[in-house]
Structure formats: structure tokens, C-alpha cells
Amino acid sequence: MGMGGLFFQVRGAFAEELVLTPEQTLGPYYPDRMPLDRDNDLLILNGNITPAVGTVSWISGRILSRAGSPVRGALVEIWQADENGAYIHSASPVRNRDTNFQGYGRFLTGSGGAYLFRTVKPGLYPGRTRHVHFAVTAPGQPRFVTQLYIEGEAFNGTDGVLRGITNAAQRASVVVPWNAVDGSRIGELAARFDVVLGVTPAETAEAERPTIVSMSGIVSAATEIPGVVPGGCITIYGAGLAAGTRNWTAADAADNQLPRTLDGVSVQIGGKAAPVLYISPKQVNVQAPPDLEAGNAAVTVNNASGTSDAVNTSVLALAPGFFQIAEEYVAAVRLDGSRIGPAASAAPGETIVLYGTGFGPTIPAAQTGQLTAEALPLAAAVTVRVDGIVAAVSFAGLASPGLYQIHITVPDLRDGDHAITAEVGGVRMQKMALLRTRAGSPGV
Ligand code: FE
């Protein structure tokens, strides 16, 4: 487990100790025309192979409540000037915009409250020091707007917005080091920035009946982006959803069918029973029935205490996402089943298996909750890109209800972290993950 995972486990230890992130002006250059591509990789625009110009910079951190608890389901938006100092805005003070730079990105936090962006070091434009604009919208809260700065920048001392933060500790909290990434041959930088909101997330009292969090409470189990894809694995957040916590086991699966009820907990989506994969008081994972119709679907959770109010969700044809392990690394294994992650790099040239969901229909069609001996191949073509380089896909299909596997050959890349994304049937992943590679690892 990485440091981040360890950190999450001790989060209660620093309760009441956090400095609230100061609110700062939205500024005049929030995009007045949104890019079509709004994912968390600002370096690569759509399927472009030409990346933006500039110093590649990773910005990551967590969205926290004042007591230090991670805020799940927060929409994090960033926008910034490109290398030249130009914004995606018709009134940008600098005009020679890098058209390969996305300029704006968004990320929806998961249960750890973490976010991640890949971008370039922001350029200078008249009147300001280098900065990145942030807007964070936590569930049920107004949009919180702030800015992030780079430690050691010459113009920090004279920047009116930065100097306008009167509280010294708060001012210091938005100026962070952008450190060189170890071993990066292209001089990448990494910055950590936690946003501490002055909110106390209402810990919902255990309801008599189960309750589904209405706003963004029904999401892809891989990306935490709201909506369901037929046949995909989804997470439902709420309160009082189940009395205990467990995964389904072989003992629950009769006739190679996943259970429709696990310890008395069942879920209906669009009037159909959804196979139950995992239950806990605040989170239930299910497979969305593969035969859901497009449009909207009502979701209810039922247990011994009753049935929740119905919450509507969008049924999306495709919404691919990779499952992730700690720190946004893609969930992946070697063909021998050994795990790949930040401590176990993949080697260029080797075949690895990526796990995801939301990749849509298979041929033959998957039956609801059916466990099959052989993976069912995907109906639509899949493209996987690692740092924009297309990786050869040798197989893509549904391995078990809601769980897709994609076998790729790792492209020839420098050692280090890379952005990995996929596209299926022309629909791009709305959230990149990380893949760490190292030539010759592990025992190749
Ligand atoms: Fe600005």
C-alpha cells in the first residue's frame, strides 16, 4: 500500500487541525466556451497525438472537510493559462493559444476524496504570477473557488490576488512546491494540494428505511461518474443500505447466477433486479442489468427495514472507466495474475490485463448476473492509449458480471508514470488513470 493509503487510515488523528483553504476570486477567464474534452488530462485533447507544449505537471491532492474527512462526490474543476499565458476565453489577454492544450479539466472525487490532473505549468500573463484556478463543488454545497500557486515564483510577492489573502496560514496553504518527478527524463513536475472546505459533512443518521444519496449517489464503480451503463458495475451510496458489510461469495451463487438478494438487500434498476456484488451500510455495488433501456431509470434499495425512495439515474450506452487502486493507479495484473501498481511496474513489451467497467455490450450478449467460464468479447472496438500512444489490444471482453478485462501490450515508454485512457465505440473515458512502467521489470 502506498503512502496515500496509509495516510487515509490515520485521517482522524489530525481532526480540528486543518487550515481552511481561502476563497479567492473566480477571475475573468473561466472558459466562456468549454472544450469538448473535459477530462483530467489537460495535456492531450481528445484523440490528438500532439500534446500541449509546456512543462508536464501532475497536480493531485484531496478534498477534505474541516475535520479532515475526505469529501466524496466533489466536482473539482481547474482552468489555467497555457505555456504562452493564454486562456480558453474570448477575452484572454494573451492571444497565441496552444490549440493542443485543453485549458480546463474536471474530476469527481471518490470515497478517498482524492483528485488528479495532468497539465502543464501555467504560463505568465500580464498582472499575475503563475497560478491554477480551482472550483470545488461538494454535494449539496455552493461552488467553492480558489487558486493554486507555485512556491518560489518571482511574482508571488507582488500578486494582488495572492497578497489579498489576509490570513498568513491560509495564504501559505495555497502556495505549494512543484517538485521534479524522480527519474523523469522530460522534467515533469508534481504538486500536492489539498483543498480544505469549511463544511462538516452531515453524517446521515441511520435511517429507518434505506436512503440513496440523491445527488451523484449512483455512479460507475470505476470512475465514480454518475449514471449507469447496462451490464456495468455501479456503486450506490446512501445510508442504512445494509446491516453488515461483505462481498458476494461462491456460496451465494446458485446455478452460476449472482445473487439478486444478499443478506436481505436487493436493488431494482428500471424495474429489473440488479445482481448484488457488495453490501455495506453506506455503499452497495451491483451489476446494472444488461437489458436496461436507454433514457432514465429509477433505482431503489430494499432491505428488512423497507424500501428506499426511488432516485432517478441516466442510462448511458457507454461510459468506459478503469478500476483504480490507491493513488489513481489503474487496476491491472500480469497474465500470471500478479498485480501491477506503483510498487510493481509494468514493462514495455509485456502483456498486461486492465480492469474496467462501462464498456457496454458483448457478443454474445451477457445475461443478467450470469457467471461464464469464458469472457465474452466486446461488441465495439476498444482503443487504449498510454501517454497518447496507442497500445495493441489483444483481447477485450466481459470477464464476470460488470467486470471487463482488456489485454494490452505495454508500449515502449520511458520509466515512470503515464496517463492511461481508453475509448470504446467512439466514447472516450472521462477520467484517466496512471500506469507505472519500468524497462525490464519485474523478472522479464
Ligand atoms: Fe487567471
Side-chain angles (χ1 to χ4, degrees), residues 20-45 51-61 63 74-107 115-137 142-168 170-178 189-197:
L20 293 183
T21 302
E23 193 136 26
Q24 297 173 75
T25 176
L26 183 76
Y29 306 125
Y30 183 85
D32 59 354
R33 195 189 324 154
M34 280 287 171
L36 289 175
D37 185 9
R38 303 168 193 178
D39 70 357
N40 59 333
D41 187 2
L42 282 68
L43 201 63
I44 304 276
L45 198 55
V53 173
T55 306
V56 175
S57 302
W58 302 85
I59 305 175
S60 64
I63 311 302
L75 177 68
V76 184
E77 301 169 88
I78 68 167
W79 64 104
Q80 62 164 88
D82 64 17
E83 163 96 343
N84 303 323
Y87 279 94
I88 299 185
H89 194 284
S90 49
S92 176
V94 175
R95 309 302 301 181
N96 58 329
R97 194 164 79 73
D98 176 1
T99 53
N100 293 317
F101 182 56
Q102 192 173 300
Y104 169 93
R106 40 171 72 180
F107 193 100
Y115 72 84
L116 171 73
F117 292 100
R118 185 170 73 155
T119 183
V120 297
K121 187 175 174 180
L124 287 166
Y125 63 91
R128 291 298 314 274
T129 188
R130 293 182 205 273
H131 60 282
V132 175
H133 295 266
F134 272 72
V136 180
T137 310
R143 184 164 75 166
F144 175 85
V145 175
T146 193
Q147 300 185 23
L148 171 67
Y149 301 87
I150 302 173
E151 195 175 271
E153 277 292 316
F155 297 116
N156 282 355
T158 53
D159 188 272
V161 179
L162 180 54
R163 282 163 56 110
I165 304 166
T166 51
N167 179 294
Q170 286 191 309
R171 191 167 60 245
S173 74
V174 295
V175 183
V176 305
W178 292 42
L189 303 175
R192 291 282 304 179
F193 177 51
D194 288 345
V195 177
V196 182
L197 303 174

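For ligands, and for the atoms within them, numbers begin at 1 and follow the listed sequence.
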Enquirer: Please identify each residue that fulfils salt bridge (charged side-chain N to carboxylate O under 4.0 Å, His left out) with Arg97, with sequence neighbours left out.
Expert: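 Partners of Arg97 by the salt bridge (charged side-chain N to carboxylate O under 4.0 Å, His left out) criterion come out as none, since no residue qualifies.
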Enquirer: Just checking His131 against Tyr125, ring centres under 6.0 Å apart?
Expert: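 For His131 and Tyr125, the ring centres are under 6.0 Å apart.
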Enquirer: Between Ile63 and Tyr115, does the side-chain contact (heavy atoms from CB on, under 4.5 Å) criterion hold? Intermediate values first, please.
Expert: CA-CA 8 Å; Ile63 311 302; Tyr115 72 84; 4.0 Å; yes
Enquirer: Could you list the residues that satisfy side-chain hydrogen bond (donor to acceptor under 3.5 Å, both in side chains) with Thr21, not counting sequence neighbours?
Expert: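 In terms of side-chain hydrogen bond (donor to acceptor under 3.5 Å, both in side chains), with neighbours along the sequence ignored, Thr21 is linked to no residue.
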Enquirer: Residues in salt bridge (charged side-chain N to carboxylate O under 4.0 Å, His left out) with Arg128, at least two apart?
Expert: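 Partners of Arg128 by the salt bridge (charged side-chain N to carboxylate O under 4.0 Å, His left out) criterion, ordered by chain and then number, come out as Asp159.
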Enquirer: Sort by chain and number the protein N/O/S atoms found under 2.8 Å from the Fe ion (ligand 1).
Expert: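 Listed by chain and number, the nearby protein N, O or S atoms are Tyr87 OH, Tyr125 OH, His131 NE2, His133 NE2.
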Enquirer: Distance check, rounded to the nearest 0.5 Å: Asn40 atom CG versus Arg118 atom CZ?
Expert: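 So the CG of Asn40 and the CZ of Arg118 are separated by 9.5 Å.
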